[in-house]
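A quick write-up on the structure given underneath.
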There are 2 protein chains.
Amino acid sequence: MINSEKFIVTKNPTLEDAAAIIGKVLVNKKILIIVGNFKVIYNGRASSNLEYGERILIVKSDGAILIHRSFGYEPVNWQPPGSILHVQKKSNILEISAIRHNPRETLKILFDKIFMISTFSLDDFADFNLFASEKDMHKAILLKPSLIEQGFKPISYEKKVDPGFIDVYGVDKNGKLVVIEVKRKIAGKYAVLQLAKYVTAIKRKSDRDVRGVLVAPNISKGIQNLLFSLELEFIALDPKKCANLLKKPKDKKLELFFNKTF
Amino acid sequence: MINSEKFIVTKNPTLEDAAAIIGKVLVNKKILIIVGNFKVIYNGRASSNLEYGERILIVKSDGAILIHRSFGYEPVNWQPPGSILHVQKKSNILEISAIRHNPRETLKILFDKIFMISTFSLDDFADFNLFASEKDMHKAILLKPSLIEQGFKPISYEKKVDPGFIDVYGVDKNGKLVVIEVKRKIAGKYAVLQLAKYVTAIKRKSDRDVRGVLVAPNISKGIQNLLFSLELEFIALDPKKCANLLKKPKDKKLELFFNKTF
DNA sequence: ACATACATCTCGCGA
DNA sequence: TCGCGAGGTGTATGT
């Protein structure tokens with residue numbers, strides 16, 4: 001229970017003791033994990049009610065709040081970073097409330113039993129690196145346009161048109177304009193509609209021939225017909241292959257490319 | 001440390017002790033919370049790397065895995081329910097790995113220090129009730145069609161068309177067909193495209209006049225023009241108002257309505 | 001602040 | 001199993 005300890009763990013505290021511990025944590029911006037029996041009331045964009053049951057509450061240093069049941073990936077209730085917390089003891093209940101603004105949303109957590117409280121800080125300054133995002137695919141195409149086809153030349157990246165952005169815009173070996181829509185997973189109906197919109201937007205502005213190309217690892221079954229009827233094309237490209245391309249020492253070339261202003 | 005305890009909390013265990021505790025938990029399908037210093041490697045749909053740092057690991061009864069840093073709503077790494085876990089001690093490192101199939105994805109967690117392990121079960125059988133969902137708006141419209149306009153009569157609910165479902169389909173006081181697309185928050189471009197698709201699908205099948213109506217609390221700014229050019233309409237409806245309507249004793253009437261097969 | 005689009009989205013429903 | 005759409009989606013990136 002000495003405050004200099006990195007970890008303070010208290011089992012089966014009284015609600016009074018719990019209130020004191022939590023109060024200190026909220027001031028010190030430590031992390032808080034509570035396992036207990038509680039109910040949850042949420043009001044905001046929607047509302048929800050969850051009756052008493054045993055769950056896990058996590059309060060992070062930045063005010064993020066997560067309530068997890070014994071199953072599932074998602075928290076059953078939560079509050080995003082920046083929420084303001086209050087704790088108060090009311091007769092036989094310990095109430096933690098958290099408010100966010102814009103949109104205004106309130107979360108009330110009512111404990112009638114706490115099994116464990118744990119409070120601590122975390123030293124964690126590591127970078128998180130993710131590979132094979134859609135952006136990695138964009139970069140790979142710009143770095144090596146032959147991923148699309150021989151003779152393809154990119155003109156611009158994230159080109160603004162009518163209502164949105166064309167992922168990659170270029171010219172093929174015959175001088176036809178090429179509009180490319182990139183998806184990092186199997187492309188469905190919306191990807192095609194998006195592409196079609198961009199193609200028609202470009203066609204309105206130019207007399208030249210315009211090709212619309214959907215680039216993705218694959219397309220969903222029903223889409224082949226839709227693509228055909230809209231006179232659009234599909235070219236297969238795997239996001240992980242793109243990520244590997246970017247890991248190679250050619251990185252410098254890519255930097256140069258990205259430093260050019262289109 | 002006696003097994004009959006609901007909670008077992010161990011501070012600063014050796015990695016050997018930790019491995020033993022974790023091994024038992026995985027067999028007993030208990031919940032596991034570990035706070036420690038570890039790195040994380042993910043490979044699957046994408047890949048990621050997170051170097052050593054102090055974080056929280058949660059393993060749930062259903063195999064869901066969450067890794068949380070000291071900040072943010074989202075877990076930095078995770079594995080969904082149903083993942084298969086293994087634990088093993090390798091020289092000075094404790095490795096927990098979790099595999100899922102379809103898609104095949106692997107998560108490796110390498111500990112070099114554990115500050116706390118906590119294991120327990122949670123009794124939680126409460127229902128979670130959420131109000132003001134889009135479905136609540138559908139129900140409210142069916143219960144009280146005048147929310148759309150005087151004389152509107154619903155014909156069918158979630159009507160299957162070309163590639164998707166029309167939220168609510170009906171007839172207005174002049175006998176025109178009405179296709180309604182409902183959104184529970186400010187509607188943007190996609191909502192309009194969706195509605196437009198359904199309207200054209202209906203027009204292909206019928207000679208009657210067809211109206212397309214977007215129902216939402218509001219629409220984003222740029223959309224007004226798009227709606228106009230596509231000859232679609234907007235009607236404002238608040239999801240929370242709908243939820244309140246449904247809470248009233250008229251519930252029984254609604255049940256009757258929903259038990260009718262369209 | 002508002003709007004748009006991505007996400008290892010997750011989750012549920014239907015075919 | 002695949003495909004589609006909702007979500008208190010959250011999060012980043014513009015304008």
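Computed from heavy atoms alone, side chains included, the values below leave out hydrogens, waters and symmetry copies. For clarity, every value in this text was computed on a predicted model and none was experimentally measured. In what follows, chains are A, B, ... by sequence order, proteins preceding strands, each numbered from 1.
Between K135(B) and dG7(D), a side-chain N or O to OP1/OP2 separation shorter than 4.0 Å is absent. At the phosphate of dA6(D), neither OP1 nor OP2 sits under 4.0 Å from any side-chain N or O atom of R45(A). Neither OP1 nor OP2 of dT15(D) sits under 4.0 Å from any side-chain N or O of K160(A). For dG8(D), neither phosphate oxygen OP1 nor OP2 lies less than 4.0 angstrom from any side-chain nitrogen or oxygen of S133(B). Note on W78(A): every side-chain N or O is 4.0 Å or more away from OP1 and OP2 of dT9(D). The shortest distance between the side-chain N/O atoms of R184(B) and the OP1/OP2 oxygens of dT9(D) is below 4.0 Å. In this model, the phosphate group of dG8(D) is not approached by any side-chain N or O of S47(A) to a distance below 4.0 Å at OP1 or OP2. In this model, the phosphate group of dT8(C) is not approached by any side-chain N or O of K185(A) to a distance below 4.0 Å at OP1 or OP2.
Relative ring orientation between F111(A) and F38(A) is described as tilted, the plane-to-plane angle lying within the 30° to 60° band.
Backbone-only contact: Y190(A) has heavy atoms under 4.0 Å from sugar-phosphate atoms and none from a base. Residue G44(B) is out of contact with every strand shown, counting any heavy-atom pair closer than 4.0 Å. Within the 4.0 angstrom heavy-atom criterion, no nucleotide atom of any strand lies near V76(A). Using a 4.0 Å heavy-atom distance criterion, Y73(A) is classed as a sugar-phosphate-only contact. Across all strands, Y198(A) comes closer than 4.0 Å only to sugar-phosphate atoms, never to a base (heavy-atom distances).
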Can you give the dot-bracket line for DNA chain C, using ( ) for pairs inside the strand, [ ] for pairs that cross earlier ones, | for pairs with another strand and . for unpaired bases, where Watson-Crick and G-U count if both distances are under 3.5 Å? |||||||.|||||||

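In terms of heavy-atom proximity, P154(A) sits nearest to P145(A) at CD-CG, 3.6 Å. Contact detail for A46(B) and R184(A): the closest heavy-atom pair is CB-NH2, 3.7 Å.
Contact of N77(B) with dT8(C) (side chain to base): a donor-acceptor pair of N or O atoms is detected under 3.5 Å. Counting atom types as modelled, Q79(A) pairs a side-chain N or O with a base atom of dG8(D) as donor and acceptor under 3.5 Å. Contact annotation: side chain of E105(A) to base of dG8(D), donor-acceptor pair present below 3.5 Å.
A gap of 14 Å separates the C1' atoms of dG7(D) and dT11(D), to the nearest Å. Comparing the C1' positions of dA6(D) and dA7(C) gives a spacing of 15 Å, expressed to the nearest Å.
Taking the ring axis of F131(B) as reference, the NZ or CZ atom of K247(B) stays within 45° of it and closer than 6.0 Å to the ring centre.
Checked for salt-bridge contact, E181(B) and K183(B) meet the test: a charged N lies under 4.0 Å from a carboxylate O.
Side-chain atoms of S61(B) and K30(B) include no donor-acceptor pair closer than 3.5 Å. Side chains of S48(B) and N129(A): no donor on one and acceptor on the other come within 3.5 Å.
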